[in-house]
Every structure is written in C-alpha cells, then in structure tokens.
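Here is the structure we will look at.
In what follows, chains carry the letters A, B, and so on, assigned in the order in which the sequence lines appear, proteins first and then strands, with residues in each chain numbered from 1. When reading the values below, keep in mind they use all heavy atoms of this one structure, side chains included, and skip hydrogens, waters and symmetry mates.
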Amino acid sequence: MSMEHQLFGDSLVVRLSGELDLVAAAHFKELVDDYLDWGKIRHLYVNLEKVTFLDSSFLGALLGRYRRISQIGGQVGLINPPGSLRPTLELSGVFQLMAEYPSEREALSAG
Amino acid sequence: MSMEHQLFGDSLVVRLSGELDLVAAAHFKELVDDYLDWGKIRHLYVNLEKVTFLDSSFLGALLGRYRRISQIGGQVGLINPPGSLRPTLELSGVFQLMAEYPSEREALSAG
Amino acid sequence: MVRHNRIVLEMESIPENVGVARLMVAMLAAQADFTVAEVDEVKLAVSEAVTNAVVHGYNSQPGHTIRVEASLEEDTLRVVVIDYGRGIEDIALAMQPAVSSDPERMGLGFCFMQTHMDTLHVESAPGKGTRVEMTKRKGMERVPSTSGN
Amino acid sequence: MVRHNRIVLEMESIPENVGVARLMVAMLAAQADFTVAEVDEVKLAVSEAVTNAVVHGYNSQPGHTIRVEASLEEDTLRVVVIDYGRGIEDIALAMQPAVSSDPERMGLGFCFMQTHMDTLHVESAPGKGTRVEMTKRKGMERVPSTSGN
Ligand SMILES: Nc1ncnc2c1ncn2[C@@H]1O[C@H](COP(=O)(O)OP(=O)(O)O)[C@@H](O)[C@H]1O
Ligand SMILES: Nc1ncnc2c1ncn2[C@@H]1O[C@H](COP(=O)(O)OP(=O)(O)O)[C@@H](O)[C@H]1O
C-alpha cells in the first residue's frame, strides 16, 4: 500500500495504491482526520485508480470520513475505481453516498 | 514464473519471467532437453530480461543444459540479465561459460 | 498445477499480518489454477476473517496467535481461521449484514465471506475463541450455504 | 514499521511451496523496512534452505512437512527452516561450495545462504532431519559467520 495526498483549496485529494486493508484504513483515517480536525478541508476525493484490493476495513474508514464530511456540508468523491473493485464497492453501498469521477480534474471542477 | 520459446533455425530462444526456482528449473530442463533429444537445436539463448529472482536450482538447470550443448559443439548465451541478478550469476560462474548479449537479435546474429 | 497441498500459518495478532495470510492463501489458490477473479474473492474472504481475529478476537492487541489452515483437495480450497480470543456470544446475530460491535466498522465481514466463498461455517465459544471455516471450488457458480453453531 | 513479529509456516514438501516460504519471509523483512536489495538476499537464502528440505531432506517426495519459523526482533530477522527427513552425515563437507550429492545441482545452496545472511547455523541428525538457522540485520555490512555441529 502507498498513499499520497495533495490539497486544492478546501479539497483534499488522496491517491492510494496497492492493497487497502486495516493497515491502509488506519493511515487513511489518520491523514484525513488530521485535516478535518484543523478545519482545513471540506471535500475529499479518493483516487482509487491504482488500487488492486480493498476490504471492509478500508470501506469502514471511508464511510467514517464520509460521515464527518457530510456533517460539515462537504462531499466525498471516488476517482476511477478499477473494474475489479466494483462488486465490493457496490455491495458496500458507497456509490449511493459518493459521486464517481473519471479523473481528478473532473472531480475538482465538479466540486 | 512464465516461459515462452521460439525456434530460429537451430537456435532456441527461451524467454523467462518472474521468479526462477526449482519449479521453473524443471520446466526449463524439460523444454530444452526435449529439443536436444530430438536433435533439433544446437544453440540456446536464454532471455532473462523480465526475471526478478533466480536461485541455485535454476542455475543448476542452466548449467546442465550448457553441458549437453557443449558436447554437441553448440553455445549458450544469456540475454539482458537485470542488474539485480548479476551478483548471483557472477557467484555461480556462468559468465565464464556463457556469452552475454544485450538483445535477442544480437545473440542470434553473433551465433 | 497442484492438486493437493496443505499450508498452516501461525502468526502474531498484528494488522500487518492480515496481508501475509491473504497472500499465502492467494498463492495456494493460484497453484490450483483458480482464475484471477476467484483468487480475488478468496483474498477478500481471508482478509475479513483474519481481520476479525485481530480486531474482534483479540481487541487489536498484539502478542496473541492467529492460526490459518489452508488446504487444496482437487478443485476445492478450504481455509480455516482460528483465534483463541474473545469469542462470539450470538453467532447468528453477528453474521447478519451491517451488524458490528464497532461503530467504525461496517459489519460486512461475514457478508463478504458468504458472498465470495461457497460455504462458510462459524464456531465460537465466548472467552475461548472463534473458528471460521470456508471452502470454495474453482470454476463453479456459487451456491452460498451458511451455518453457525 | 513493524518491530516485533513471528510467523510460523508448516507446509507440504512440494516444489511449489518454496515460493510460498520465500514470499512469506520477504513480507516479514519488508514489514521491518529492509531495503529491496536486503529483501532479495533474504529471499535467495530462504529459497535455498527450503529447496534443500524438499529435494535433499525428503528426496523430492511430497507428503512430508517443512516448518519455517520467521521472526523479527528490532533490526534482526531470524529464519529457521526445519525438515524431519534424511539428515546430513557430514555437515562441514556439505557446506563446502560446489559439494552436492546430486549431479544436476551446483552445491551452491549453503554458499548463497552464507553470503547473503549474517549468520548461518546448521544442525542435523542422519535419519532425523535438518535445522538451518539464519539471521540478518538490516542496514549492516555483512560479517559472515558460520558454524556446524
Ligand atoms: N473472531 C471474532 N472474535 C470475536 N468476535 C467476532 C469475531 N469475528 C466477528 N466477530 C463479531 O461479529 C461482528 C460482525 O463481524 P463482521 O461481519 O466481520 O463485521 P465487522 O468486522 O465490520 O464488525 C463483529 O462486529 C464482532 O462483534
Ligand atoms: N535439508 C537437507 N537434508 C539432507 N541433506 C541436505 C539438506 N540440505 C543440504 N543437504 C546436503 O548438503 C549438500 C549441499 O547442499 P547445498 O550447498 O544446498 O547444494 P545443493 O542443494 O546444490 O546440493 C546437498 O547436496 C545435500 O547432500
């Protein structure tokens, strides 16, 4: 797993790659919560393009961040999830809560 | 591990990729010995470009094929071994016995 | 292709070992020529079961042992995940979707195991531990079957 | 980064499991931030030791057990490979480079283990089995040390 992030105004883009399980979930939660605690962001875009695996621990961390961000009126978007992850994402219901974008540019300009 | 091969006259090119251990050694031995048993080849070129790991079992299989091919006056060449494999190849002494080529084309035209 | 194999993994209860178990079972499935999609499903099920042992069985405390038994018999992969931790009071309840004892979690672990494996069987004794047994046959339409006791 | 971990693998004596052991130990080394080059060295040493268990310990017969114990203690990785097979009559002789009981093999296995790990210790009893213990510290210039008994 590896994780990069970049701030665009009040939008945080997090780029993840590899296998996302409870280890990645903990790192992701810490990173995003830090920005939220300091009131630095309102929107979160998670780039899943290079992710090869994700499980319910990571989905839980994603949903948890969604809850905090909804409370402050922000939105959470998913960028380019690979087809192999789609069944898992669909089963978890995240597509009902988060918009999907084909690229970071489109996510940021829609936000 | 995966293995492909192609015949150019009496020269056999074997393209290997991934991790080469005793499993790969057995497949490699079977393939090359089959061509040798039928008298179909005189030279062997082993393309190592996409190999990420090799151990002494594979080196043993390589040396064993070298012995058979030397007996019929042929030659064995190594194509483009990655830098990470160099220490292992050097320690095994194969470079004293087999020529090294930067590409299949150069191996085949030198042969 | 491998038709018979058995691998047992005993490891510390730390989050980083979930990936080790996942990869070990994935390699076993790949040895038997399970498809890439089937291997992915097995990885998800194993990830969920081993994560539960770490997070619920041992309350995320290191220093405990998780045992993963994986075996291959012709077309069938069997995986057993065992912890000697907290145990589950009401297995039928715990296995329901969206039921979790942890607000940060989704309660989808058992649901993913059920969806991606052919059989799932859970045994547990409060204070003694939990044993999750799953099987998957390759090249099959999945017929989920579930039982708990 | 992981500072303490322990994983035990018990598996069938088949060639395909050499890669499983190699990957398991590589993941452990990677958890402790061993460099890519160090991980490669560990993989080679493990590959040689487990291959010896399959090929020599059990004469390439399946159905026997190989045990691999890998542990991490701060900067040091310890790997123990055990078989309950043929055993080695003369360990000092067997460990010499280019000495092999099999004409298709190079006799470089112990040599690679010695070159790539910091310590190597072999115990064996004919008819009872062989135990190879190796350690490697990360970020070290290698100071090979060898002993047999
Ligand atoms: N190995 C275990 N030990 C103790 N309790 C467990 C174990 N596995 C599952 N449980 C209980 O079952 C519940 C449901 O598990 P699961 O469906 O995987 O969802 P989640 O892990 O998201 O909570 C858990 O919240 C926990 O209370
Ligand atoms: N686990 C083992 N059980 C029995 N004999 C062994 C074992 N490991 C090594 N040996 C003996 O030691 C010799 C040297 O081993 P090694 O240096 O690895 O070279 P190779 O495997 O190429 O023969 C082997 O040929 C074998 O006779």
Test log, rule side-chain contact (heavy atoms from CB on, under 4.5 Å), inputs C:Ile7 and D:Glu12 = CA-CA 7 Å; C:Ile7 304 184; D:Glu12 285 235 359; over 6 Å; no
Determine, step by step, whether C:Asn17 and D:Asn5 satisfy the side-chain contact (heavy atoms from CB on, under 4.5 Å) criterion, reporting the C-alpha distance in whole Å, the side-chain angles of both residues, the deciding distance to 0.1 Å, and the verdict.
-> CA-CA 9 Å; C:Asn17 285 346; D:Asn5 197 359; 2.8 Å; yes
So C:Val20 and D:Leu28, side-chain contact (heavy atoms from CB on, under 4.5 Å) or not? Walk me through it.
-> CA-CA 8 Å; C:Val20 176; D:Leu28 201 67; 5.9 Å; no
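For the set C:Val2, C:Ile66, C:Val68, the entry with the most heavy-atom pairs within less than 4.5 Å of chain D is C:Val2. Among C:Met27, C:Arg67, C:Met11, the residue with the largest count of heavy-atom pairs under 4.5 Å with chain D is C:Met27.
Note that the CD atom of D:Glu10 and the CD atom of C:Glu69 stand 10.0 Å from one another [nearest 0.5 Å]. Residue C:Arg6 holds its CZ atom at 8.5 Å from OG1 of D:Thr65, rounded to the nearest 0.5 Å. Atom CZ of D:Arg3 and atom CD1 of C:Ile14 lie 12.0 Å apart (nearest 0.5 Å).
Within 6.0 Å of CD on D:Glu89 lie no more than 12 heavy atoms contributed by other residues, nucleotides or ligands. Summarising the local packing, CZ of C:Arg86 is surrounded by more than 12 heavy atoms from other residues, nucleotides or ligands at distances under 6.0 Å.
Remark: the backbone N or O of D:Glu16 is paired with a side-chain donor or acceptor of C:Gln31 at under 3.5 angstrom.
Of the atoms belonging to C:Leu23, it is side-chain heavy atoms, and not backbone ones, that fall under 4.5 Å from chain D.
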